[in-house]
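The structure appears below as C-alpha cells.
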Amino acid sequence: MKYYYLILSAVLMFSLGGCKKFLDETPTAHLSTGNFYKTSDDAVRAVNDAYRQLKDQAYGGYSPTSFGDIMADDANKGGGGASDQGLIQDLKLFTARADNGYVFNAWRDNYKGVYLANLVLQKVPSIEMDQSLKSRLLAEAYFLRAYYYLHLVRLFGRIPMVTEPIDNGEYNIKQSEEKDILALIEKDANLAINDLPENSKQASADKGRATKGAAQALLLETYMWQKKWPEAQLLGDLIISSGEYHLTDDVTKIWTLAGEFGPESIFEVNNATIPGRNVGNLLNLFNAPRNTWGYGFTVPSKSLVDEFERGDPRFGATVIVNNQVMPDGTTANTSGSETGYWNRKYWLALSEIPTNNGGGAGDGPTNDRVFGLAQVMLWTAEASFHNAAIPHATDLVNQIRTRARNSGGNTDQTVLPTYSTVTLNNIYHEMRVETALGEHRRFYELVRTGRAAALLPNFTAGKNEHIPIPLTEIQLSGGVLVQNPGY
C-alpha cells in the first residue's frame, strides 16, 4: 500500500498550508536536493535549515507553551475568552481529539526537523570540505535529530523511528517502543558530544548553535526520563564542574534581553539571528498582556502563584500583578487576565516592542531558553537524591536558593532559607519556581515524576501521559500507525 504519511506531515503539508512569506524566505535544502549538497556552503545551509525548525515550532503553530505550560498547572490558556484558540483549552482539559490542530502541528513540526536533520546526515558526509567543519555540522545534525525526537517521544510515546530522509515511495514504518526511541536519542547525543565545541570555544556569531554542553544537557534529560540515576548524576556533575557555566548573579535578569546568552545559558534558540527566518519570536506576542500589544495567552495560574515563597525574587520575574510598576515605568493592568495575572517571562518594555522587523509588529526578539545551568543542577540534585547522595543534593538546591535570595535587590536574608536536608518535594518545588513559564517543561516533568494524575484535573493515568497520534497520520498510514490508548 502506498502512502506518504511522514513526508506529507513533515514537509508538503507544512509548505502547502503555510503562508507565502514562509515559502519566500531562504531557500531550503529539501526543496533543491537535485543540485544541492555539493559544497561546504551547501552543507552549512542544510544544517541551518534544520535549525530553523526550532523557531518554526512556535511560529508555525506548534506552541511549546501550550503543551509544557498550559497543559500543566503553571498556566491557564488566557487569550480573549473560551472561544479564542479553543483547541488549546481542549489540551488543558485533556479533551483534545486526534484531529486537534495543535496535536497535528506538534507531529508535523518535529518530524520536519527530523527529516531535515536526516538529510544532513545522509548528504553531507560525501561533500569534499574542511573535515573539522564537516564533523561539527554532522554533530549539530545529530543533536537536532535527538532534540526533535525527544519532543516527539515525550508527547506521543510510541512513534515511527526514521533515520534517513523519506521523499516518496512505499513505507510501512511501524511505531517503535519508547525505550528504542530514547536509545536513539542517547546515541545521537553522544555522537554530538564527541564533535561539538565547548561553550567557551564557540564564536559569538555562532550563538544559538549547539555546543558540547547542549548535547550533554539533552542527554541528561534523556537519562532523567529513563530514571538512569547514576548516569544522570555523573553527567550532571560533569556539566556543573566543567567550568563552562556558572550561575548568573541575579536570577531576575535572565529573562531580559540583556540576559540572553548569559553565563548559565547552555542552549537557547537565538530568535534574533537563527538561520533561516530572522523575523523574531511569536511567543512575545502570544504571551504579552492583551492591554498592551499581545494576545494574553499562557497566564500564570493561582496554583503557580501560591507555589512561590514569601519574598522570593523569582516571583516578580515570572508573574505580573495588578498595579505593578514595570521597568519601563508603565503600570500593569491585569483586569483582562482570566487569572488576574500576566506572564512576565515574555514581557517587553515599550522601547523593545518591535514595530517593523519583517514579520510585522508581532514578532518579538526574546530567545527561547532550552537548557540552563540551574535546571541541570536541579536534575542532578534529583538524581543524587535517588542515589542516596542527600548532602550533595542539598548543596545543589541550596546554591539555587541562595542565588535567588540575593537577586532583584532583595536585602532580606530571612527569605528562602537554606535546607538542612533536602527532600524530593523540595527539589520539585525549586524546579517549578526556577523555570516556570520559561523552559516550557512543567507538564513533562509531572508526567516523568508520576505526579500528573494527582495534580492535574481531568488527567487520566494510562492515557493522558501522551497526546493522540494525529488522525491524518493514522489515515495516511493505512492503519499501520496505532492510536495511543484511550483515544
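Between the side chain of Gln122 and the backbone N or O of Val120, no donor-acceptor pair lies under 3.5 Å. Judged by distance alone, with hydrogens and angles left aside, the side-chain atoms of Ser265 form no donor-acceptor pair with the main-chain N or O of Gly262 at under 3.5 Å. Using a distance-only test at 3.5 Å, with no hydrogens or angles considered, a donor-acceptor pair links the side chain of Glu264 to the main chain of Thr248. A donor-acceptor pair under 3.5 Å is formed between the side chain of Tyr51 and the backbone N or O of Ala210.
Contact annotation: the side chain of Tyr223 never approaches that of Pro230 to less than 4.5 Å [non-hydrogen atoms, C-beta and beyond]. Between Gln216 and Leu238, some side-chain heavy-atom pair lies under the 4.5 Å cut-off. When side chains are defined from C-beta on, Tyr37 counts as touching Ile127, because their heavy atoms get closer than 4.5 Å. Put simply, the side chain of Leu182 reaches to within 4.5 Å of the side chain of Val153, judged on heavy atoms. Between Leu257 and Pro365, the closest side-chain pair of non-hydrogen atoms falls below 4.5 Å. Contact annotation: the side chain of Leu191 never approaches that of Leu138 to less than 4.5 Å [non-hydrogen atoms, C-beta and beyond]. Here the side chains of Tyr147 and Val370 are in contact, with some heavy-atom distance below 4.5 Å. No side-chain heavy atom of Thr211 sits less than 4.5 Å from a side-chain heavy atom of Glu244.
Taking the charged nitrogens against the carboxylate oxygens, Arg52 and Asp49 do have a contact shorter than 4.0 Å, which makes a salt bridge. Ion pair Glu178/Arg158 not flagged as a salt bridge, since none of the NZ, NE, NH1 or NH2 atoms sits closer than 4.0 Å to an Asp/Glu carboxylate oxygen. Classification of Glu260 and Lys207 as a salt-bridged pair fails, no side-chain N sitting under 4.0 Å from a carboxylate O.
Taken from NE2 in His386 to CD1 in Ile427, the straight-line distance is 7.5 Å, to the nearest 0.5 Å. In this structure, the separation between CD1 on Ile240 and OG1 on Thr380 is 4.0 Å, given to the nearest 0.5 Å. Taking CG of Leu481 as the reference point, atom CD of Glu473 lies at 7.0 Å (rounded to 0.5 Å). With values rounded to the nearest 0.5 angstrom, Leu87 atom CG is found 9.5 Å from Asn105 atom CG. For the atom pair Leu220 CG and Leu234 CG, the distance stands at 10.5 Å (nearest 0.5 Å). Here the CG-CG distance, from Asp195 to Leu133, works out to 11.5 Å after rounding to the nearest 0.5 Å.
Residues Tyr428 and Glu445 bring no donor and acceptor atom of their side chains to less than 3.5 Å of each other. With hydrogens and angles left out, the side-chain atoms of Thr366 and Asn284 include a donor and acceptor closer than 3.5 Å. Between the side chains of Arg209 and Asn48, at least one donor N or O sits under 3.5 Å from an acceptor N or O. Side-chain contact of Gln226 with Glu231: a donor-acceptor pair under 3.5 Å is absent, judged by distance alone. Using modelled atom types and a 3.5 Å distance limit, the side chains of Gln85 and Tyr102 yield a donor-acceptor pair. If you check the side chains of Trp347 and Glu352, you find no donor sitting under 3.5 Å from an acceptor. Side-chain polar atoms of Thr39 and Asp41 form no donor-acceptor pair below 3.5 angstrom.
Listed by first and then second residue, the salt bridge (charged side-chain N to carboxylate O under 4.0 Å, His left out) pairs involving residues 65-79 are Asp73-Arg432, Asp73-Arg442, Asp74-Arg432, Asp74-Arg442 (not counting sequence neighbours). Residue pairs satisfying the salt bridge (charged side-chain N to carboxylate O under 4.0 Å, His left out) criterion with at least one member in residues 85-107, sequence neighbours excluded, are listed as follows: Arg97-Asp99.
Across Ser66 and Leu91, no two heavy atoms sit closer than the pair CB-CD1, 4.2 Å. Contact record, Trp229 with Arg448: CH2-NH1, 4.0 Å, taken as the closest heavy-atom pair. Annotation for Leu348 and Gly364: closest pair CD1-CA, 4.4 Å, computed over non-hydrogen atoms. Across every non-hydrogen atom of Asn367 and Asn281, the tightest pair is C-ND2, 4.4 Å. Residues Pro485 and Gly462 approach most closely at CB-O, 4.1 Å, considering heavy atoms. Of all heavy-atom pairs spanning Asn76 and Ser301, the tightest one is OD1-CB, 3.7 Å.
Enclosure of atom NZ in Lys187 is not indicated, since only 12 or fewer non-hydrogen atoms of other residues, nucleotides or ligands lie within 6.0 angstrom. The environment of Glu164 atom CD is sparse: at most 12 non-hydrogen atoms of other residues, nucleotides or ligands sit within 6.0 angstrom. Annotation: Phe94, atom CZ; neighbour count of heavy atoms from other residues, nucleotides and ligands within 6.0 Å is above 12.
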Practice problem: Check step by step if side chain to side chain contact (heavy atoms under 4.5 Å, CB included) holds for Leu144 and Gln53. | Solution: CA-CA 9 Å; Leu144 290 168; Gln53 279 306 110; over 6 Å; no
Exercise. Dump the intermediate steps for side chain to side chain contact (heavy atoms under 4.5 Å, CB included) on Tyr487 and Ile469, then the final yes or no.
Key: CA-CA 9 Å; Tyr487 292 102; Ile469 305 294; over 6 Å; no
Self-check item: Pair Val103-Leu471, side chain to side chain contact (heavy atoms under 4.5 Å, CB included): steps then yes or no
Solution: CA-CA 9 Å; Val103 167; Leu471 178 62; over 6 Å; no
Quiz item: Please walk me through it: do Leu152 and Val114 pass side chain to side chain contact (heavy atoms under 4.5 Å, CB included)?
Solution: CA-CA 10 Å; Leu152 284 163; Val114 169; 4.2 Å; yes
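The salt bridge (charged side-chain N to carboxylate O under 4.0 Å, His left out) search around Glu434 returns Arg314, Arg403, not counting sequence neighbours.
In this structure, Arg369 forms a cation-pi arrangement with Trp255, its terminal cationic atom sitting closer than 6.0 Å to the ring centre and no more than 45° off the ring axis.
Ring planes of Tyr346 and His440: parallel class, angle under 30° (limits at 30 and 60°).
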